[in-house]
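Right, one structure below, let's go through it.
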Amino acid sequence: MSVNIKPLEDRIVVKPLDAEQTTASGLVIPDTAKEKPQEGEVLAVGPGRWNEDGDERIPLDIAVGDKVIYSKYGGTEVKVAGQEYLILSGRDVLAVVG
């Protein structure tokens with residue numbers, strides 16, 4: 001899946017994965033009680049931040065297609081062509097899953 005958003009510097013575009021809709025015991029969770037998702041798929045990655053001297057870019061450890069866990073309230077939510085995305089700084093990503 002490609003997206004027409006090109007992140008700058010050390011930012012990434014993530015499509016949040018849907019939160020679980022039922023508990024382990026089978027109870028259905030209503031939309032109003034769901035927690036904000038913290039896991040998503042990386043759709044685009046910026047070129048990286050410039051080093052302190054400004055002569056070389058520092059690449060990110062994240063690649064397109066990675067599934068990541070990110071800070072609960074990090075990033076900026078945007079809606080493009082009816083789809084919701086999250087633009088995060090590379091520092092808001094806590095881990096790559098798998």
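Excluded from the calculations below are hydrogen atoms, water molecules and symmetry mates; all remaining heavy atoms, backbone and side chain alike, are included.
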Which donor-acceptor pairs under 3.5 Å do side chains of residues 42-59 form with protein atoms, sequence neighbours excluded?
from  : atom 1 : to    : atom 2 : distance (Å)
Asn51 : OD1    : Asp53 : N      : 3.2
Asn51 : OD1    : Gly54 : N      : 2.8
Asn51 : OD1    : Asp55 : N      : 3.2
Asn51 : ND2    : Asp55 : OD1    : 3.0
Arg57 : NH1    : Gly48 : O      : 2.5

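For the pair Arg11 and Leu88, the minimum side-chain heavy-atom distance is 4.5 Å or more. By the 4.5 Å heavy-atom criterion applied to side chains, Val13 and Pro7 are counted as neighbours. At a threshold of 4.5 Å between non-hydrogen side-chain atoms, the residues Val78 and Ile5 count as touching. Counting heavy atoms from C-beta outward, Val68 and Val97 have side chains that stay 4.5 Å or more apart. The side-chain heavy atoms of Leu17 and Lys67, taken from C-beta on, include a pair separated by under 4.5 Å. Looking only at side-chain heavy atoms (C-beta outward), Thr76 and Leu86 stay at 4.5 Å or farther from each other.
From Glu9, atom CD reaches atom OG of Ser89 across 9.5 Å, with rounding to the nearest 0.5 Å. The structure places CG of Leu60 at 7.5 Å from CD1 of Ile12, a figure rounded to the nearest 0.5 Å.
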Working for side-chain contact (heavy atoms from CB on, under 4.5 Å), residues Asp10 and Arg91: CA-CA 8 Å; Asp10 67 337; Arg91 295 173 190 217; 4.2 Å; yes

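Follow the hydrophobic side-chain contacts under 4.5 Å out from Ile69 and you never reach Val96; the two are in separate clusters.
Residues Pro16 and Tyr85 share a closest heavy-atom pair of CD-CA, 4.3 Å.
Under the side chain to side chain donor-acceptor pair (under 3.5 Å) criterion, Asp61 pairs with no residue, sequence neighbours left out.
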